[in-house]
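We use all heavy atoms of the structure for the numbers below, so side chains are in, but hydrogens, waters and symmetry mates are not. As the structure lists them, so they are numbered: ligands from 1, and atoms in each ligand from 1.
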Amino acid sequence: MSKNRLVIFDTTLRDGEQSPGASMTRDEKVRIAKMLEKMKVDVIEAGFAIASPGDFESIRAVAEAVKDSTICSLARAVEGDIERAAAAIKPANSGRIHTFIATSPIHMQYKLMMEPDQVLERAVKMVKMARNLCDDVEFSLEDGSRSEYEFQCRIIEAVINAGASTINIPDTVGYGEPLEYGAMFKRLIENVPNADKAIFSTHCHNDLGLAVANSLSAVMNGVRQVECTINGLGERAGNASLEEVVMAVKTRSDVFPVTTSIEPVHIVPTSRLVSSITGFPVQPNKAIVGANAFAHESGIHQDGVLKHRETYEIMSAETVGWAANKLVLGKHSGRAAVKARFEELGITFESQDALNEAFVGFKELADKKHEIFDEDLQALVSGVSAADTPIKYDCTELEATSKTGAKPQASLTLVIDGQAQTTAADGDGLVDAAYKAIEKIVNSGSELKLYLVSAVTEGTDSLGEVTVRLEKDNVIVNGSGTDTDIVVASVKAYLNALNLLEAGILKAHPQKEGV
Ligand code: KIV
Ligand code: ZN
């Protein structure tokens with residue numbers, strides 16, 4: 001590989017999923033992974049195989065579906081984790097095991113309760129074991145940016161000798177500062193005797209808002225892999241955002257001596273897909289993918305852009321995929337055209353039934369709404385409950401009424417395991433009334449953590465996309481629903497969340513459990 005090639009390692013499906021409430025089903029992960037592949041992401045970290053049977057299955061499904069990107073699973077430096085990771089990535093054309101152990105004094109003493117020598121010994125043993133199962137092994141020094149230089153040198157040299165070909169030094173707690181973090185890499189790359197046998201990698205968290213700056217500083221100092229996520233999703237304040245890193249090195253190629261394989265035109269559609277699946281909205285002023293990122297409000301700017309675009313625009317909206325939200329289909333479009341457009345958006349259907357369901361949804365929407373945009377298609381499939389979510393609760397009838405001076409009322413029929421039950425409730429609004437009616441029947445005991453409505457496109461005929469986050473017994477789930485009727489979308493989202501809770505997905509967290 002050329003010395004100037006920057007490897008883009010996307011961890012939306014692993015670290016991104018560690019954002020509380022951002023859990024994704026297997027089918028949703030496959031859909032995102034296919035978009036990442038289309039964007040030409042080099043490495044997709046598809047999950048943490050030991051975390052749960054669901055995570056394991058998701059990694060396998062991604063490994064089966066994606067052929068062009070390397071598929072990676074995270075594993076603590078523990079035998080069981082590494083075996084599970086190897087099994088999960090087995091179907092991949094190109095697979096990677098990413099194993100890690102904490103190396104900072106504070107983590108070793110209080111979390112691992114291990115001496116540095118024990119940590120080093122375990123790291124070497126586990127990298128060797130991983131190498132026996134997979135040719136491509138990455139090793140991460142967790143809390144690496146707060147680790148001592150001498151120990152960093154010792155452990156890096158030892159794991160490279162043991163077979164690791166990528167060395168990742170994460171800024172796990174988002175404490176790093178660009179000059180210091182960059183200098184750390186320079187010093188290590190210059191002084192670890194076998195540093196030339198590995199690619200150094202950065203993985204930054206955004207607790208101080210410095211994740212992208214730290215990642216870029218690392219690149220300036222010799223790092224050739226950046227770990228990042230779509231929309232900057234990730235644990236706590238998130239990870240470095242893929243779109244910002246990629247567009248920074250591309251737009252400022254005069255400063256950054258690297259190239260990536262990324263096709264940026266897929267950035268905006270992928271950002272939208274991730275946002276609609278996870279229920280994490282993108283702030284309007286977010287760089288690259290925010291709704292206002294290319295909007296010029298001030299008269300002076302507008303005038304300048306009209307006269308000569310480069311006066312105020314450093315990159316074009318089309319380059320990153322903003323033109324992709326063009327009008328594509330209408331009421332008279334046939335099944336083949338709809339299927340083809342879904343496929344262009346990275347959405348494939350596992351069965352004829354799934355395609356039929358999406359096509360029926362499309363026709364219903366086209367009857368209500370004249371113009372169908374790409375966002376509508378994406379919202380349509382994110383609203384269809386993923387095929388791998390068992391459906392316990394379904395709503396077959398809903399009536400919601402509001403009248404000036406009267407309390408809003410909702411009555412609905414729920415089918416639970418094949419048994420229909422009807423009830424009614426009033427509330428502080430139509431959605432509140434509908435949710436009270438659902439809870440009268442289900443009595444779920446869950447707590448509503450988030451209720452979010454957004455319009456998928458412009459205009460009052462837009463599809464409304466609703467996200468509902470519920471928590472019960474430490475399990476947090478996100479349900480989503482779409483419809484041109486907000487109350488219907490809200491009920492769909494609530495039932496989707498209840499069905500996910502029912503599936504009881506409980507996961508281990510990679511950094512919360514000691515080894
Ligand atoms: O932030 C971190 O340290 C991580 C490692 C597991 C790579 O996510
Ligand atoms: Zn992380």
Any side-chain donor near an acceptor of the partner, H205 and E235, under 3.5 Å: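 There is no such pair (donor and acceptor under 3.5 Å, judged by atom type) between the side chains of H205 and E235.
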
Short side-chain donor-acceptor distance under 3.5 Å, K40 and T260: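 No - no donor-acceptor pair under 3.5 Å links their side chains.
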
Contact atoms of ligand 1, heavy-atom distance to [X] under 4.0 Å:
X    : answer
H205 : 1 (O)
S140 : 7 (C)
E142 : 3 (O)
P170 : 2 (C), 3 (O)

Pi-cation contact, F100 with R76 (under 6.0 Å, within 45°):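 Cation-pi check for R76 and F100: fails.
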
Within 45° cone and under 6.0 Å: R469 NZ/CZ vs Y451 ring: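 No; the conditions do not both hold, so R469 does not lie above the ring face of Y451.
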
Atom 3 (O) of ligand 1 - nearest protein heavy atom and its distance: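 Minimum-distance protein heavy atom for atom 3 (O) of ligand 1 reads T172 OG1, 2.6 Å.
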
Atom 2 (C) of ligand 1: the protein heavy-atom neighbour that sits closest, reported with distance to 0.1 Å: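 Ranked first by proximity to atom 2 (C) of ligand 1 is Q511 NE2, 3.1 Å.
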
Cationic N near anionic O, under 4.0 Å, D42 to R5: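 Salt bridge: yes.
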
Carboxylate-amine/guanidinium proximity below 4.0 Å for E17 and K29: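 Salt bridge between E17 and K29, a charged N being under 4.0 Å from a carboxylate O: yes.
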
Which segment of R14 sits under 4.0 Å of ligand 1 when only heavy atoms are counted: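 Only the side chain of R14 comes within reach of ligand 1.
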
D15 and ligand 1 - part of the residue with a heavy-atom distance under 4.0 Å: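 The side chain, only.
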
Considering both backbone and side-chain atoms of [X], is one of its nitrogen or oxygen atoms within less than 3.5 Å of a nitrogen or oxygen in ligand 1?
X    : result
E227 : no
D143 : no
H98  : no

Side-chain donor/acceptor of R224 to backbone N/O of V219, under 3.5 Å: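 Between the backbone of V219 and the side chain of R224 there is a qualifying donor-acceptor contact (under 3.5 Å).
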
Name of whichever N/O/S atom of D15 is nearest to the Zn ion (ligand 2):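 Output for this pair reads OD2.
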
Stepwise salt bridge (charged side-chain N to carboxylate O under 4.0 Å, His left out) test for D55 and R26: CA-CA 8 Å; D55 246 49; R26 183 197 63 201; over 6 Å; no

